[in-house]
Amino acid sequence: MTDQYDPKTIEARWQARWEADGLYRIREDPSRPKFYFVTMYPYPSGDLHIGHWYAMTPSDAKARYVRMRGYNVLFPIGFDAFGLPAENAAIQHGTHPYKWTMANIERMRGQLRSMGAMFDWSREIVTCRPDYYTWNQWFFLKFYEAGLAYRAMAAVDWCPHDNTTLAREQVVGAERVCERCGTPVIKKDLEQWFFRITRYAEELLDFTKMDWPERVQTLQRNWIGRSEGTEVVYTSEQGDPITVFTTRPDTLFGATFLVLAPEHPLVEKLTSPEHCAEVAAYVHRARRQSEIERLAEDREKTGVFIGAYARHPLTNGRIPIYIGDYVLLTYGTGAIHAVPAHDSRDFVFAHRYRLPVPVVIAPPDWDGKPLRDAYIGEGIMVNSGPFDGLSSDEGRRRVTEALVRAGRGRPAVTYRLRDWLISRQRYWGTPIPIIYCSRCGAVPVPYDDLPVLLPEDAEFLPTGESPLRRDARFRRTTCPRCGGAAERETDTMDTFVDSSWYQYRYLSPHDTARPFDPAQGRSWLPVDQYTGGIEHAVLHLMYTRFFTKAMRDLGLVSLDEPMLRLFNQGIILGPDGHRMSKSRGNVVNPDDYVGAMGTDVVRIYLMFVGPWDGGGPWNPKGIEGVNRFLHRVWQLVLDARPSGPAAGPEVGAEVRRVTHQTLKRVTEDLEGFRFNTAVAALMECTNALSKLREAGAARSADWPAAMRLLILMLAPLTPHLAEELWQRLGQPYSVHQQPWPEWDPRAVREETITLVLQVNGRVRDRVMVPAGLDAAHLRDVALASDKVRKFIDGKSVEDVIVVPGKLVNVVVR
RNA sequence: GCGGGCGUGGCGGAAUCCGGCAGACGCACCAGGCUUAGGACCUGGUGGACCGCAGGGUCCAUGGGGGUUCAAAUCCCUCCGCCCGCACCA
């Protein structure tokens, strides 16, 4: 009898040994190809929960597999340590965000180590430390110099609960709530800092230089929202050009009025004196309305005539000008021409204000009568002067050409993407390195003065104003340009700035001279494999692409994209099928399971539950299955009792076949992140070997090699168990430095196959035949089968389809 | 409204890319063994209906309907249901 599998003991022992040996400390090694593997770093919220394990342990398994494939794998870890929860928790618990964060990090370090992952801890980063965030400030200054960072007054999204502005990406859903706390967001006019991500809108649409999931590409593409169309220039009767954007220039002759956004700069100038009061009231209401909860917003299209007219660029027709809050200042040109017959919103508006609705695209089967609804499809142009009879497609081109010739328009592209608002009126973030001088204006902090340190003793209760603003010692400074009294910017940066470039900092986390060492960059970049949740599809994953492109244009890297391959794992739900949350009380603590059954069990169970991108509910029962499996592996490998009769050579061949077939499957599955089927294959293999051992296989000369193969295949998935078994078989330390085995095509090959015999596509018989019989032979085998003959009896054989190695289908009539 | 995805046993899922034995692997369940007993463990069974004492056999079945094909969970069309993203975007 062997001793029992005791994960607690062996896991502690091997973790200590690996740590002592620096087994996972990575150095450059020109003799091996590099592989840079990054999994999204955690936010130090307190305890590592099962979701972290679900994200990280399969990543670790894949990284280990790649390492065994001969690559020099860099697999770092760090902490996304700035952000609101720290501040909120600190307020709640009467502690300091720094203390709270660092205590959490300390606890999570221990929990992360308990995963047995091959993180290279010597490269750990913590973003709330000055040695990290100083480089946020450095990037800010670089961006500022390049015109990629700018300050502007804008109506920004404001979360009244968190008391801070949000990036547009952080406002979610039709209800427009704060991504973090779910509070409905309001609008505020504030002077804020932006990163000019729109400069890269077009390039961000190009995904050809990497291999990212279709899903993420689609989300980003939708978010960027590219529209091709035409800019059309109308002219007010006072002579002001009024530019509108349309995707349907073929409907230009149907435009019967213009609508400007209430905030449009021309509104004040164009409004006639007798409409002034009404317009002012509407503008006021619109502005107020945007400050009221958006939930209450009705979808009615309202507007006000401003008493002014414009001239149509092609017909010179006289067109009334309205303002309406359904026109957004921030999209297109902030003004539209309304084509009520062919746009639903304009249709409603026109009916409400009794404006004409001329049809200029004939709907199919149109009877010439007024439309009951806007016809938004394409068709043949009518009532459009010289363009009558053209198709929409042709019309779009020709109308645009006519506008260009007349100097009244041009082809144009518009994006939905807005610049990235990075200012946050909170304490726990990177101070924005800008100084305001009454004489010199906004002055960047000189590089030599970095970092602008976050004062440790600031009062950080949220009041809606930046906490730093009330810290006079922080705020008051002198102008770096003129030396006069000046004030610091008191907003801090969005924490997504931190995560936009952290993969570069891992390369040289202790470099005090620059954000990262370019020599290290040349050895490791780009990230070969990135793993993390889909929830960052339009946030982090777009921001980091932007950062890399900006860094490229600043000459810091020679990459176009930061991460070549991306895999989005799913989310693991509570046992009740709901998202885990403290309030629901369904949070699964991995420590309980690790304590009871061991790390390796939890690791392999998370990989086994289903496809990694699927996620799903945690089933506490299911983990027993893999626990049994690991115990069975232990028994199989170590139980030396001779069992069964002495084996013939065919048993050895079968042992080889089973293990090499498994090796082939596991290799292919790990390549494709299909951990669940890899584990299933290993279970089948173990089951098969157990049976074979009963037939005497343990005495065969092929048995020891099979055991070694089994252990090597388990090494990425259950690193401790594999190391222990490897040692007990007397193999050299460490199993994690062994090359991944290659399967032997000869061993994999079956000598006999099960040939499926069908009649008219229905299975009627299965026969064992030697592998490699040719089609004619297989056909004869099929026609010789009694069961097949029973079904062709009395009918004529029309055809016999032979798929060598698989099946024969006899077609009868 | 626009865009994307998914529907397979009691459950998680496999086979879907590239058409070829549907239900791998595991959970749960049932029966048996072991045990004073329970648990653990081991062995076997387990989609449905029907026929047979039995060995076994027949039919049905991958959300519904249709199509292509010798052959469809897989490809195409259509409907239904669920999920996700965006949303007054001109």
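As the structure is a prediction and not an experimental result, all values here were calculated from the model. Each chain gets a letter, A, B and so on, in the order its sequence line appears, and its residues count up from 1.
Cation-pi geometry between A:Arg545 and A:Phe207 is satisfied (NZ or CZ under 6.0 Å from the ring centre, within 45° of the ring normal). A cation-pi contact, defined as under 6.0 Å to the ring centre and within 45° of the axis, is absent between A:Arg345 and A:Tyr326. Taking the ring axis of A:Trp223 as reference, the NZ or CZ atom of A:Arg416 stays within 45° of it and closer than 6.0 Å to the ring centre.
Put simply, the side chain of A:Arg766 and the base of B:rC21 share a donor and an acceptor less than 3.5 Å apart. In terms of polar N and O atoms assigned as donor or acceptor, the side chain of A:Lys301 comes within less than 3.5 Å of the base of B:rC88 in a complementary pairing.
Taking the P atoms as reference points, B:rG26 lies 16 Å from B:rA15, given to the whole Å. With C1' as the reference atom, B:rG81 and B:rG64 are 10 Å apart, rounded to whole Å. Nucleotides B:rG48 and B:rG23 have their P atoms positioned 14 Å apart, rounded to a whole Å. Rounded to the nearest Å, the gap between the P atom of B:rA14 and that of B:rG63 is 15 Å.
Nearest nucleotide to the A:Thr677 side chain, out of B:rU58, B:rA15, B:rC25: B:rA15.
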Item checked: Structure string for RNA chain B in dot-bracket form, Watson-Crick and G-U at under 3.5 Å, | interchain -> (((((((..(((.......[....))).(((((.......))))).(((((....)))))..(((((..]....))))))))))))....

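For A:Arg416, a side-chain nitrogen or oxygen approaches OP1 or OP2 of B:rA87 to under 4.0 Å. One finds a side-chain N or O of A:Arg628 lying less than 4.0 angstrom from the OP1 or OP2 phosphate oxygen of B:rC27.
Heavy atoms of A:Asn676 sit under 4.0 angstrom from primed sugar atoms or phosphate atoms, though from no base atom. Using a 4.0 Å heavy-atom distance criterion, A:Asn809 is classed as a base contact.
No more than 12 heavy-atom neighbours from other residues, nucleotides or ligands sit within 6.0 angstrom of CZ on A:Arg579.
Spacing between atom CD of A:Gln758 and atom P of B:rU69 amounts to 17 Å, rounded to whole angstrom units.
By the rule that a glycosidic angle within 90° of 0 means syn, B:rG9 counts as syn.
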